[in-house]
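Per chain, numbering begins at 1; letters A, B, ... match sequence-line order.
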There are 2 protein chains.
Amino acid sequence: MREMGAKRDELVERVTDWAWQHGLVGLSLRPVAAALGTSDRMLIYHFGSKEQLIVEILRCSAARSSQELRSLPASASPRQAVLDQWRLRTTERQAQCDRIYVEAATLGLFGQQPYAAEVIAMNEVWLDAVRLHLVSSGVPADRSRDIAELVDAALMGFELDRPLTTDQPVGLVALAQAVEALAAAPR
Amino acid sequence: MREMGAKRDELVERVTDWAWQHGLVGLSLRPVAAALGTSDRMLIYHFGSKEQLIVEILRCSAARSSQELRSLPASASPRQAVLDQWRLRTTERQAQCDRIYVEAATLGLFGQQPYAAEVIAMNEVWLDAVRLHLVSSGVPADRSRDIAELVDAALMGFELDRPLTTDQPVGLVALAQAVEALAAAPR
DNA sequence: GATGGTATGTAGCAGTCGCTACAGAAATCC
DNA sequence: GGATTTCTGTAGCGACTGCTACATACCATC
């Protein structure tokens with residue numbers, strides 16, 4: 001496993017850019033390399049294998065998106081926090097990143113090595129960012145963990161179906177209302 | 001486009017079985033055919049193309065799972081309905097079918113022909129089954145549509161992350177509580 | 001018993017896949 | 001300045017992809 005080289009770091013960023021636009025599933029070395037002005041030969045040289053390259057994409061992708069969520073300003077209410085998180089996630093950038101995540105799940109990467117450990121860590125970081133934003137928007141801390149899980153899961157579900165309609169999902173309003181109620185209700 | 005032949009109908013069922021176990025993403029004709037005791041040659045003969053074969057798998061898969069949900073008995077309360085739907089979806093059979101659905105979404109099938117129209121119809125049927133079960137479990141009809149969307153999205157989201165943990169997601173309880181509250185609350 | 005659709009096996013085409021062997025440049029170190 | 005390490009191009013391997021051409025059965029109908 002080689003770790004050195006600024007060339008490699010630059011490649012990770014650019015390959016991740018490519019994956020955000022074109023997805024993970026159909027990814028094959030030659031087209032990616034061509035788009036980056038290099039060759040499959042070089043990708044294997046720098047990363048050792050396609051598998052390792054994908055690990056790097058996942059890491060880079062997760063780091064980017066979590067940071068974006070963490071820099072989202074607090075919302076005026078729990079209800080509004082849900083709507084604002086949805087707005088962020090339907091941003092083209094975030095949607096592309098979510099796509100990577102779903103693709104990884106789909107490919108069965110979540111259950112198997114060497115991805116499993118990576119993804120669990122990534123997910124923890126992401127979920128914590130969701131939670132923190134909810135807390136800073138008025139969700140009581142002692143309920144923030146399960147509400148964050150609910151919000152994250154529901155938004156992911158809405159996003160999966162997004163290509164099916166052009167409208168905002170009606171379930172989103174229900175989610176926002178539900179979160180407002182959960183935040184106010186006793187445990 | 002050929003439509004005749006009981007052989008073909010039998011093949012659809014068996015190919016769908018295979019897809020439920022092995023997924024849609026890596027599907028290639030020769031291994032599938034071998035597992036079914038036939039040849040890639042015959043699959044192309046009966047279905048015309050791999051693309052058409054996948055359309056048939058999606059149809060068959062959706063028909064099976066919707067029927068299973070429709071035969072789920074009514075629950076004692078909206079809260080319990082959520083838990084019961086989760087129990088159904090974490091059944092191996094249903095989880096496999098959900099996987100097919102997610103894979104189709106992942107592969108970008110949802111936005112493009114010839115899949116788009118198919119999938120929209122499938123999703124409508126499925127969502128209606130979710131809605132009906134909720135209504136029969138005490139959710140008021142005039143709120144059933146958006147609550148169903150919420151439940152479906154959230155359960156799908158939970159399921160995506162299921163390989164990450166062995167525990168029941170804590171967000172599930174929050175979802176159940178939220179649905180109970182939404183069912184009781186005024187619009 | 002000839003005819004025509006249904007079904008199937010064999011062989012192969014043209015392309016892609018991840019990856020490697022071999023060689024040569026360029027830079028860095030002793 | 002020789003040696004070593006880092007980087008890159010060319011060419012190709014063996015496996016696999018969806019799909020097709022060609023031949024050959026089976027089986028029903030007339």
Side-chain angles (χ1 to χ4, degrees), chain A residues 1-16 18-19 21-60 100 103-104 106-109 112-115 118, chain B residues 1-16 18-19 21-60 100 103-104 106-109 112-115 118:
Chain A
M1 187 141 316
R2 55 184 70 252
E3 289 296 339
M4 42 259 170
K7 215 88 179 181
R8 180 190 150 104
D9 295 341
E10 180 212 332
L11 271 180
V12 172
E13 295 292 332
R14 298 181 60 205
V15 170
T16 302
W18 195 93
Q21 286 176 20
H22 299 85
L24 216 55
V25 168
L27 188 149
S28 76
L29 297 182
R30 264 173 267 241
V32 176
L36 267 54
T38 176
S39 66
D40 58 330
R41 167 73 181 71
M42 291 317 299
L43 292 180
I44 293 291
Y45 172 74
H46 283 294
F47 297 97
S49 69
K50 178 184 174 182
E51 187 177 68
Q52 185 59 33
L53 175 62
I54 289 183
V55 168
E56 305 278 358
I57 291 175
L58 290 180
R59 280 187 195 158
C60 181
I100 297 286
E103 283 184 321
T106 295
L107 290 170
L109 271 40
Q112 71 188 27
Q113 296 303 340
Y115 306 99
E118 294 287 339
Chain B
M1 190 135 316
R2 52 185 71 254
E3 288 297 338
M4 40 257 171
K7 214 86 179 181
R8 181 190 150 104
D9 295 341
E10 181 213 331
L11 271 180
V12 172
E13 296 292 331
R14 298 182 59 205
V15 171
T16 302
W18 195 94
Q21 286 177 20
H22 299 84
L24 216 54
V25 168
L27 187 148
S28 78
L29 297 183
R30 263 174 267 242
V32 175
L36 267 53
T38 176
S39 66
D40 58 330
R41 168 72 181 71
M42 291 316 299
L43 291 180
I44 294 292
Y45 172 74
H46 283 294
F47 297 97
S49 68
K50 179 184 173 181
E51 186 177 68
Q52 185 60 33
L53 175 63
I54 289 183
V55 168
E56 305 279 358
I57 291 176
L58 290 180
R59 279 187 195 159
C60 180
I100 297 286
E103 282 184 321
T106 295
L107 290 170
L109 270 41
Q112 70 188 30
Q113 295 304 340
Y115 306 99
E118 294 287 338

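Not one side-chain nitrogen or oxygen of His46(B) sits closer than 4.0 Å to the OP1 or OP2 atom of dT6(C).
End-to-end axis angle for the helix from dG1(C)-dC30(D) to dG24(C)-dC7(D), using five pairs per end and rounding to 10°, comes out at 10°.
Gln21(B) meets the side chain to side chain contact (heavy atoms under 4.5 Å, CB included) test with Gln96(B); sequence neighbours excluded. Remark: Thr106(A) pairs with Thr106(B) by the side-chain hydrogen bond (donor to acceptor under 3.5 Å, both in side chains) rule, at least two apart or across chains. Residues passing the side chain to side chain contact (heavy atoms under 4.5 Å, CB included) test with Ser28(B), sequence neighbours excluded: Pro31(B). Leu29(A) is linked by a side chain to side chain contact (heavy atoms under 4.5 Å, CB included) to Asp40(A), Leu43(A), Ile44(A), Lys50(A), Leu53(A), counting only residues two or more places apart in sequence or in another chain. Under the side-chain hydrogen bond (donor to acceptor under 3.5 Å, both in side chains) criterion, Glu51(A) pairs with no residue, sequence neighbours left out. Scored by the side-chain hydrogen bond (donor to acceptor under 3.5 Å, both in side chains) test, Arg30(A) finds no partners at all (sequence neighbours excluded).
Side-chain contact check for Leu58(B) versus Glu118(B): every heavy-atom pair is 4.5 Å or farther apart. Side-chain contact between Leu107(A) and Tyr115(A): absent, with no pair of heavy atoms (C-beta onward) separated by less than 4.5 Å.
For the pair Tyr45(B) OH and dT10(C) P, the computed distance is 17 Å after rounding to whole Å. Counting to the nearest Å, the P atom of dC19(C) and the CD atom of Gln52(A) are 11 Å from each other. A straight line from CG of Leu43(B) to C1' of dT8(C) spans 12 Å, rounded to a whole angstrom. Per the geometry, CE belonging to Met42(A) stands 16 Å off P belonging to dA25(C), to the nearest Å. Taking atom CD1 of Ile54(A) as the reference point, atom P of dC17(C) lies 13 Å away to the nearest angstrom.
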Review point. How does protein contact run along nucleotides 14-25 of chain D, one letter per nucleotide 5' to 3', with B for base contact, S for sugar-phosphate only, - for none, heavy atoms under 4.0 Å?
Key: ---BBBBBB---
